[in-house]
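Everything on this sheet refers to the single structure shown next.
Proteins come first, then strands; the chains are lettered A, B, ... in the order of their sequence lines, and each starts at number 1.
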2 protein chains.
Amino acid sequence: MNKQKESECSEAETPECDIRPVEGKKADEELALMTKALGHPARVQILRLLARRDSCVCGEIVDQIEDLAQSTVSQHLKVLKEAGLIKGEIEGSAVCYCIEPRGLRRLKVLVAGI
Amino acid sequence: MNKQKESECSEAETPECDIRPVEGKKADEELALMTKALGHPARVQILRLLARRDSCVCGEIVDQIEDLAQSTVSQHLKVLKEAGLIKGEIEGSAVCYCIEPRGLRRLKVLVAGI
DNA sequence: TGTCTTTATCGTATTTTTACGATATAGTGA
DNA sequence: TCACTATATCGTAAAAATACGATAAAGACA
């Protein structure tokens, strides 16, 4: 059984990352990395799951992603984390995942800028 | 040497595709397919190349993508085409590629809707 | 302490992606 | 007709992604 603790996601973000260029070689690579990370149905589902909440999700992600083993979901979480789209914080015995607002915002800006 | 013919991209689009849902399993798969297609620096570069123009680009794409063989670029174009993000029209002896406005718009809507 | 829960990591098999050179296809123009 | 050009496709090799079960790690709690 999974508990759900509602821990805070830090929503106060410094806007430094939002003023980087939205095109050029560097931006191309950045956008490619982020879209590649999002390029799997399970990862889209996870990102949506987290984006819909104000708070982090602790220990119920595996249950919500259908038909995938725990280790596989963990791997998908890692991909999203490495792309800077989500973050995971150890919260007692569980790990709480939430959106990395800067990363998601950056993705949206880059896609909108195409 | 590559010629560049400036052929028209049809910009008048029926908006049917813009009123589909932006979340749910179907939308997740759609978004995953599109972002996966975009998840490579060369393909981001190609999409940007085409998005910056009003017209199609005939036969100079390979030159602009550095360090990749012609056959590889052709493969990347195919991936983008299959994802509905670009289209290619045979224009005399050359093939002209341009943005598929509906597809790109759909991608933007889906990403913005996360 | 020992056991349970939760999540990450490892090892591995399978599939997919990426990239290339070679070749096919189809139009252009001498 | 015969080259020449532009693009796609084929065959193939190497790398990366995907998924799983098994196991490790670390906290919770009796």
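The interatomic distance linking A:Lys87 (NZ) with C:dT7 (P) rounds to 18 Å, in whole Å. Separating the NZ atom of B:Lys36 from the C1' atom of D:dT18 is a distance of 9 Å, rounded to the nearest angstrom. Between B:Glu91 atom CD and C:dG27 atom P the separation is 13 Å, expressed in whole Å. Atom CG of A:Leu80 is separated from atom C1' of D:dT18 by 14 Å (rounded to the nearest Å). Put simply, CD on A:Gln70 is 12 Å from C1' on D:dA25, counting in whole angstrom units. Between the CD atom of A:Glu60 and the C1' atom of C:dT7 there is a distance of 15 Å, rounded to whole Å. B:Lys78 has its NZ atom 15 Å from the C1' atom of C:dA19, to the nearest Å. The distance between atom CD of B:Glu89 and atom C1' of C:dA26, rounded to the nearest whole Å, is 17 Å.
Side-chain proximity of B:Leu77 to C:dA8, D:dA19, D:dA8: nearest is D:dA8. For B:Ala69, counting side-chain heavy atoms from C-beta on, the closest listed nucleotide (D:dA8, C:dC20, C:dA8) is C:dC20. Residue A:Ala94 places its side chain closer to C:dT7 than to any other of D:dC20, C:dT7, D:dA6.
From A:Leu104, atom CG reaches atom CE of A:Met34 across 8.0 Å, with rounding to the nearest 0.5 Å. In this structure, B:Ile99 CD1 and B:Arg53 CZ are separated by 11.5 Å, a value rounded to the nearest 0.5 Å.
OP1 or OP2 of C:dA19 has not a single side-chain nitrogen or oxygen of B:Thr72 nearer than 4.0 Å. In this model, the phosphate group of C:dT17 is not approached by any side-chain N or O of B:His76 to a distance below 4.0 Å at OP1 or OP2. Residue A:Tyr97 places at least one side-chain N or O under 4.0 Å from the OP1 or OP2 atom of C:dA8.
For the pair A:Thr35 and A:Leu107, the minimum side-chain heavy-atom distance is below 4.5 Å.
For A:Leu50 against A:Tyr97, the heavy-atom pair with the smallest separation is CD2-O, 3.5 Å.
With hydrogens and angles left out, the side chain of A:Gln75 and the base of D:dA17 share no donor-acceptor pair within 3.5 Å.
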Could you list the donor-acceptor pairs under 3.5 angstrom formed by side chains in residues 65-76 of chain A, with sequence neighbours left out?
{"from": "A:Glu66", "atom 1": "OE2", "to": "B:Lys25", "atom 2": "NZ", "distance (Å)": "3.2"}
{"from": "A:His76", "atom 1": "ND1", "to": "A:Arg43", "atom 2": "NH1", "distance (Å)": "2.9"}

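Comparing A:Ile90 and A:Leu68 against DNA chain D, the residue whose closest nucleotide sits nearer the 5' end is A:Leu68. Comparing B:His40 and A:Val95, the nucleotide of DNA chain C nearest to each residue sits closer to the 5' end for A:Val95.
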